[in-house]
Asker: 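Below is the structure I would like to discuss, written out as structure tokens.
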Amino acid sequence: MSSPSPDYTLYLVTGRELLPPGKDYYESLNESLEGGVTIVQIREKNTDTREFLEIAKRSKEICHRYGVPLLINDRIDIALAMNADGIHIGQSDMPIEIARKLLPAGSIIGVSVNTPAEAEEVVKGGLADYVGIGALWATNSKKLTSPVLGIRGVGPILQTLEKTSIKAVAIGGIKSSNLLRSLHGAVSPNGRALDGIAVVSEIVSSHQPSVVAQRLCQIIRASKDQPFNLFSRIYAEPPTAQVLVDSAAHLLRSVKEYRPLVHQITNNVTINQLANATLALGASPIMATSPHEMEDLAKIPGALLINFGTISDKEGMLAAGHYANLERKPIVFDPVGIGATAYRRTTANELLNTWQAAVIKGNAGEIASLIGSNEVKSHGVDSLGSGFSSPKEILCALAKRERCIIVMTGETDYISDGNLTVKLSNGSALLGDITGSGCLAGSTVATFCGAENKRSKRSEPSSGEVEGILAAGDMFVGAIAGVLTLTIASELAAQRPEVHGTGTFLSALIDELYNLTPEKIIQRAKLEVV
Ligand SMILES: Cc1ncc(COP(=O)(O)OP(=O)(O)O)c(N)n1
Ligand SMILES: Cc1nc(C(=O)O)sc1CCOP(=O)(O)O
Ligand SMILES: [Mg+2]
């Protein structure tokens, strides 16, 4: 019977050159294992064979005290000489066919991959136990010969493994600070996630490797326990339209109770409108853009809206999103006009590669550009035509790929978390005649996501439960609430006798947001689960 597959959860690759001054290597290894490291690879790039062999033998003794397998990097001779549990080889190392022949049956063999094609080769060969996918982020611990993948580069590689038993770890620049982002985003479109994370410097360079290892393990195990979509609360059974409307309507009370700070990096066309809409709902807007204050700002409870209408603050957007993920604040991303220019598309990719959005909101043209569909065209920041023939299919696919809630605004609005999709039919035609109605939707969605985040953290869950979630709370309901409040307020505004055009409509709209109540939302909401 073949030996059980190793636990790849927390994969330590050693690097003695990175030890803190005075820290003994064997002590550090022992503490790392105490902290929860589940598999170890000895990586010695500039060590004489005799010394490497000695280190490998002693390391194996220590690892086996914890029942942890010990692998050797590159050097099959060393692995054979000290009867290692396996080896890790890269694309330019000993071919796996020869390694498999030389090593005892049952040895663990891992292969580095940087592209789906390399992963497909591994799958075709059928000889590897796992792949090391890297480099995920930039790293100083190895001179890279292949491009840094970024989060969005891992999914397609995992997709090639979907129907196999080959395990996968990611490696390269993974720290406690980007671990949740890495775990959440590194998933194939069909939900195949990583089996573990490989680190060198985050553990080796620490004076307290057991503390670091323990925390990394806690986060990795918690995120493995989380359902596919880490944002929307997984319902015992699919909620009815009425349950969703009631939840969304009553979230208005949380906005007024918690007055969440809604940090909005937006464009100079609509900034004043968005700030007033946020205030009208009872929340507190801050429109800061400097990257230098994002770390502090992210600590203040609430949510972050990133609307790249004028993309004049990219550095601020990158920093704000990074710290919002760290502080587990929901991020609403509005890729305004993404279909209009190549620069917008590459910037959106860069932003989404750096941080994980809780909600992505766009019109049909922007959604089409994000998912790479030609069915709907963009015209500048607007969308052309009557929309998708199957909006639910498009939104579910995008939600699964981006691992977040997708909001598509238009004459009819759609919201999906990849499993559940709702259609919302409220709204006055005058919304389409004023500037920034789409931007307003992003702002109201961020306002309610911020309130929901605050509400759901009211009773701090056990740390394990929060660890695995990037932004606590039901962002699906937050998104529904944001769209419903804006569209229902627009209907009420359009009916007011003093409204004779877009100018009076806009001020009436802010008034109606100010006077909105849960009852009005429940009474007027036109929402159906599709
Ligand atoms: C787990 C894991 N993944 C990738 C690597 C890199 O291996 P390789 O490409 O052979 O590069 P070197 O480590 O040999 O420089 C790894 N070692 N471990
Ligand atoms: C050993 C190794 N292999 C990589 C790859 O991309 O294959 S990146 C890497 C070094 C990872 O070190 P750190 O965790 O300190 O960034
Ligand atoms: Mg190698």
Side-chain angles (χ1 to χ4, degrees), residues 5-20 28 32 37-47 52 56 59 63 68-79 84-96 98-99 107-115 118-119 121-122 128-151 153-154 157-158 161 166-179 181-183 186 194-206 209 212-213 215-216 219-220:
S5 171
D7 178 353
Y8 293 95
T9 301
L10 183 55
Y11 188 144
L12 171 65
V13 178
T14 65
R16 283 185 309 136
E17 70 283 3
L18 295 167
L19 285 165
S28 173
S32 307
V37 159
T38 58
I39 182 169
V40 174
Q41 178 194 137
I42 310 294
R43 182 172 182 267
E44 293 283 339
K45 286 308 197 187
N46 306 302
T47 308
F52 193 161
S59 302
C63 287
V68 168
L70 176 86
L71 279 63
I72 300 297
N73 171 266
D74 290 359
R75 298 283 301 273
I76 292 187
D77 55 340
I78 299 280
D85 297 302
I87 59 157
H88 184 91
I89 45 180
Q91 293 291 319
S92 58
D93 294 320
M94 178 71 76
I96 189 168
I98 299 172
S107 296
I108 302 162
I109 302 183
V111 180
S112 305
V113 294
N114 176 257
T115 65
E118 288 175 353
E121 278 308 300
V122 172
D129 296 285
Y130 75 89
V131 292
I133 303 172
L136 180 47
W137 308 104
T139 176
N140 296 321
S141 305
K142 176 191 173 188
K143 190 167 174 12
L144 297 178
T145 53
S146 312
V148 171
L149 281 169
I151 279 289
V154 178
I157 294 176
L158 286 170
L161 306 177
I166 297 172
K167 304 296 183 189
V169 297
I171 188 168
I174 302 175
K175 312 289 182 189
S176 304
S177 62
N178 61 29
L179 181 56
R181 170 76 189 100
S182 303
L183 290 165
L194 292 167
D195 298 285
I197 292 287
V199 296
V200 183
S201 56
E202 183 68 351
I203 292 178
V204 173
S205 62
S206 169
V212 174
R215 176 154 177 69
L216 292 170
I219 294 174
I220 298 167

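Keep in mind it's a predicted model, so treat the numbers as computed, not measured. Keep in mind that the numbers below use all heavy atoms, side chains included, and drop hydrogens, waters and symmetry copies. Order of appearance sets the numbers: ligands from 1, and atoms from 1 within every ligand.
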Asker: List every atom of ligand 1 that sits less than 4.0 Å from any heavy atom of Asp74, numbering the atoms from 1 in the order shown and giving each element.
Answerer: 10 (O), 14 (O)

Asker: Specify side chain, backbone, both or neither for Gln91, according to which of its non-hydrogen atoms lie closer than 4.0 Å to ligand 1.
Answerer: neither

Asker: Please answer whether the main-chain N or O of Val212 pairs with a side-chain N or O of Ser206 as donor and acceptor at a distance below 3.5 Å.
Answerer: no

Asker: Indicate yes or no for a side-chain donor-acceptor contact from Asp85 to the backbone of Leu71 under 3.5 Å, with no hydrogens or angles considered.
Answerer: no

Asker: Which atom name does Asp74 have for its N/O/S atom nearest to the Mg ion (ligand 3)?
Answerer: OD1

Asker: Near Gln41, which atoms of ligand 1 are under 4.0 Å from a heavy atom of that residue?
Answerer: 1 (C), 2 (C), 16 (C), 17 (N), 18 (N)

Asker: For the side chain of Thr9 and the backbone of Gly196, is there at least one donor-acceptor N/O pair under 3.5 Å apart?
Answerer: no

Asker: If you count the atoms of ligand 1 from 1 in the order shown, which ones are under 4.0 Å from a heavy atom of Ile171?
Answerer: 2 (C), 3 (N), 4 (C), 18 (N)

Asker: Check for a donor-acceptor pair, side chain of Asn114 on one end and backbone N or O of Pro147 on the other, with a separation under 3.5 Å.
Answerer: yes

Asker: Name the residues in contact with ligand 2, where contact means a heavy atom under 4.0 Å away: which are they?
Answerer: Arg43, Gly134, Ala135, Thr139, Ser141, Lys142, Leu144, Ile171, Gly172, Gly173, Val199, Val200, Ser201

Asker: What's the shortest distance from atom 9 (O) of ligand 1 to any protein heavy atom, and which residue and atom give it?
Answerer: Ser112 OG, 2.8 Å

Asker: Would Trp137 and Ile174 count as a side chain to side chain contact (heavy atoms under 4.5 Å, CB included) here? Give the steps.
Answerer: CA-CA 7 Å; Trp137 308 104; Ile174 302 175; 4.1 Å; yes

Asker: Restricting to N, O or S atoms, which atom of Asp93 is closest to the Mg ion (ligand 3)?
Answerer: OD2

Asker: What is the closest protein heavy atom to atom 10 (O) of ligand 1, and at what distance does it sit?
Answerer: Asp93 OD2, 2.9 Å

Asker: Using the side chain to side chain contact (heavy atoms under 4.5 Å, CB included) rule, take Val122 and Val113 through it: C-alpha gap first, then chi angles, then the decisive distance, then the call.
Answerer: CA-CA 9 Å; Val122 172; Val113 294; 3.8 Å; yes

Asker: Does Gly90 reach ligand 1 with a nitrogen or oxygen that is under 3.5 Å from one of the ligand's nitrogen or oxygen atoms?
Answerer: yes

Asker: So between His88, Lys142, Lys45, whose heavy atom ends up nearest atom 14 (O) of ligand 1?
Answerer: Lys45

Asker: Could I get the full list of ring pair (Phe, Tyr, Trp, His ring centres under 6.0 Å) partners for Tyr11, not counting sequence neighbours?
Answerer: Tyr130

Asker: Whether the side chain of Asp129 engages the backbone of Gly110 through a donor-acceptor N/O pair (distance < 3.5 Å, no angle test) should be reported.
Answerer: no

Asker: Could you list the atoms of ligand 1 found under 4.0 angstrom from a heavy atom of Gly132?
Answerer: 3 (N)

Asker: So Ser141 and Leu18, side chain to side chain contact (heavy atoms under 4.5 Å, CB included) or not? Walk me through it.
Answerer: CA-CA 8 Å; Ser141 305; Leu18 295 167; 3.7 Å; yes

Asker: Return yes or no for this condition: an N or O of Tyr130 is under 3.5 Å from an N or O of ligand 1.
Answerer: no

Asker: Could you check Lys142 against Leu144 for side chain to side chain contact (heavy atoms under 4.5 Å, CB included), going step by step and ending with a plain yes or no?
Answerer: CA-CA 6 Å; Lys142 176 191 173 188; Leu144 297 178; 4.2 Å; yes

Asker: Quiz question: by atom type and distance under 3.5 Å, do the side chains of Ser182 and Lys175 form a donor-acceptor pair?
Answerer: no

Asker: Testing the 3.5 Å rule here: is there a donor-acceptor pair between the side chains of Ser112 and Gln91?
Answerer: no

Asker: Quick test: of every protein heavy atom, which one is nearest to atom 15 (O) of ligand 1, and how far off is it to 0.1 Å?
Answerer: Arg43 NH2, 2.8 Å

